Amino acid sequence: MPHILTCFVLFLAPVTAQDLIYSLAHDIPGLAHDLKKHELHRLRPGGGTAPFVPLEAWRVLLGDRNGNGIYDDEPSDINALHIRSTGGGLASWLMSTSVTIPLAGGTCLKDGDVFAFDGHGGVDVVYSESFFEVATQTTAIDIDAFAEGPGGALWFSFADDEFTASPALTAQNGGAPSIDEQTVFRLDPAATEAVIAFTKTQVVQIFNQAAGTGAASVVDVCGLASDPANPGHLLLSSRSVSSSFQGRVVTTAGGGSTWLVGGQPVGPALFGLSAAPTLDALSLSVESPHPVLRVDPAGGSSAAGGLGHCEVRDLVPGEVVQLVVSNPRLPGPFAWQTPNVLGFVTVFPDPMDPSTWASFNVPQWHMVANANGVADYTWNWNGLAPGMAFLGQGFRISTGEATSPGIVTVAP
Ligand SMILES: [Ca+2]
Ligand SMILES: [Ca+2]
Ligand SMILES: [Ca+2]
Ligand SMILES: [Ca+2]
């Protein structure tokens, strides 16, 4: 009965969910945790928000950059993101910051660089600030949105108005050498110079058509991603705080309409936050979301006592997450990879630290998900050695997925 098999395959094939991963331009008070502008979040397909790379993971990713002996060195902001469709967890997540980040060894990440973590504690600059400057004949730019499109095109926008020395870009910009931050550029494969894909005027018209408004500006295009349903078109977010535009994601297809997730328009209500979000980084991800380890609070004191807590959510009731805890290898960051670890893919507990392997003998760290799909562990700060830090990561036994890492510190 081959036709029945065919029907079955057709029934299964279209379900390729692409999660929207985003960052905020500002902190927002959350239900369980405040949402920070350097964190990455996931829009749940039915609405609401889940962590993707939370604060405590950022601290592990960057190590002790300021040399104070503590992993407290998260970046102040992430303002651009592109998750490659190749899979591979952390190393396939390309990001840009809005500030310069000094790294160990005297190098820096610039706000115009697009970088990725290499899976071994290091950082690769995938597209440098000077790469974008050469492609647009500009200087001292800050990338605030970019995406690798199908066919190898690179789409991007700048965080500020920038002057170009390029006659071709000036002509595409209506004769003006100052290019507005609402402008979207495209660099085609093998091209040496970018083109203006959407002018400021076109961008504003796209948002106006989507929102049914007649605004003169959306302030800035600060997030973009390829529209998976309309090749060659983009999903855009803006920095406008107008109630018509804030938290809205539009597609450029058809001249502009609000993008839908699960049939629902992507606007502020869908995110389920306590304030309308300004989305300053956007990407879609074809990877199934990795489990996230949340730690609360991120520090405590032996003298004050009280309880610390960590948890992994969205699990199958009864399944096991093994919590592995080690001492951070200072100054770090330190990371490694091993075959068959999925999810976050990169592994952070130090294999040279006996604590890492002793973790498997701690009964409470064999965390079993409750009826709500939450596996957790609670400890008392009282009696923990002052000044110590504990770096933890979970491993979902049934699937081989690693959680994001987290770290807690005991006050000196
Ligand atoms: Ca941000
Ligand atoms: Ca530090
Ligand atoms: Ca940037
Ligand atoms: Ca921009």
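Atoms considered below: every heavy atom in the structure, side chains included; atoms not considered: hydrogens, waters and symmetry mates. Predicted model, so just to flag it, every value in this text is computed and none were measured. Every number for a ligand or one of its atoms is a count from 1 in the order of the listing.
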TODO: With the Ca ion (ligand 3) as the reference point, give the N/O/S atom of D111 that is nearest.
DONE: O
Open item on the list: Among the N/O/S atoms of D142, which is closest to the Ca ion (ligand 3)? Give the atom name.
Closed with: OD1
TODO: Around the Ca ion (ligand 1), list the protein N/O/S atoms within a radius below 3.0 Å, excluding water molecules.
DONE: S23 OG, L24 O, K37 O, D77 OD1, I78 O, D280 OD1, D280 OD2
Open item on the list: I'd like to know: is the Ca ion (ligand 3) within the 3.0 Å range of an N/O/S atom from D113, strictly under that distance?
Closed with: no
Task: Metal proximity, I143 vs the Ca ion (ligand 3), N/O/S cut-off 3.0 Å - done: yes
Task: Residue R65 excluded, over 12 heavy atoms near CZ under 6.0 Å - done: yes
Enumerate, atom names and distances included, each donor-acceptor pair closer than 3.5 Å involving a side-chain atom of residues 372-391, sequence neighbours excluded.
unit_1 : atom_1 : unit_2 : atom_2 : d
D376   : OD2    : H309   : NE2    : 2.9
N380   : OD1    : N382   : N      : 2.9
N382   : ND2    : S302   : O      : 3.4

- [ ] Considering only NZ, NE, NH1 and NH2 on the basic side and carboxylate oxygens on the acidic side, decide whether D77 and K37 come within less than 4.0 Å.
- [x] no
Task: Pair D314 + R44: basic N to acidic O under 4.0 Å - done: yes
Tell me which donor-acceptor pairs under 3.5 Å the side chains of residues 247-254 have, and how far apart each pair is, sequence neighbours excluded?
unit_1 : atom_1 : unit_2 : atom_2 : d
R248   : NE     : S244   : O      : 2.7
R248   : NH1    : T258   : OG1    : 2.5
R248   : NH2    : S244   : O      : 3.3
T251   : OG1    : D227   : OD2    : 2.6
T251   : OG1    : A253   : N      : 3.1
T252   : OG1    : H233   : ND1    : 2.8
T252   : OG1    : L234   : N      : 3.0

- [ ] Taking the six-membered ring of Y71 (Phe, Tyr or Trp), confirm whether the NZ or CZ of R59 is under 6.0 Å from its centre and within 45° of its axis.
- [x] no
- [ ] Classify the ring geometry between W93 and F52 as parallel (under 30°), tilted (30 to 60°) or perpendicular (over 60°).
- [x] tilted
TODO: Would you confirm whether the ring centroid of F271 sits within less than 6.0 angstrom of the ring centroid of Y22?
DONE: yes
TODO: Decide whether E287 and S285 meet the rule of one side-chain donor and one side-chain acceptor closer than 3.5 Å.
DONE: no
Open item on the list: Tell me which one of T138, D142, L154 satisfies side chain to side chain contact (heavy atoms under 4.5 Å, CB included) with F132.
Closed with: L154
Task: Polar protein atoms (N, O or S) that approach the Ca ion (ligand 4) to under 3.0 Å - done: D144 OD1, D144 OD2, S157 OG, F158 O, E181 O, D220 OD1, V221 O
TODO: Starting at CG of L169, measure out to OG1 of T136 and round the result to the nearest 0.5 Å.
DONE: 7.0 Å
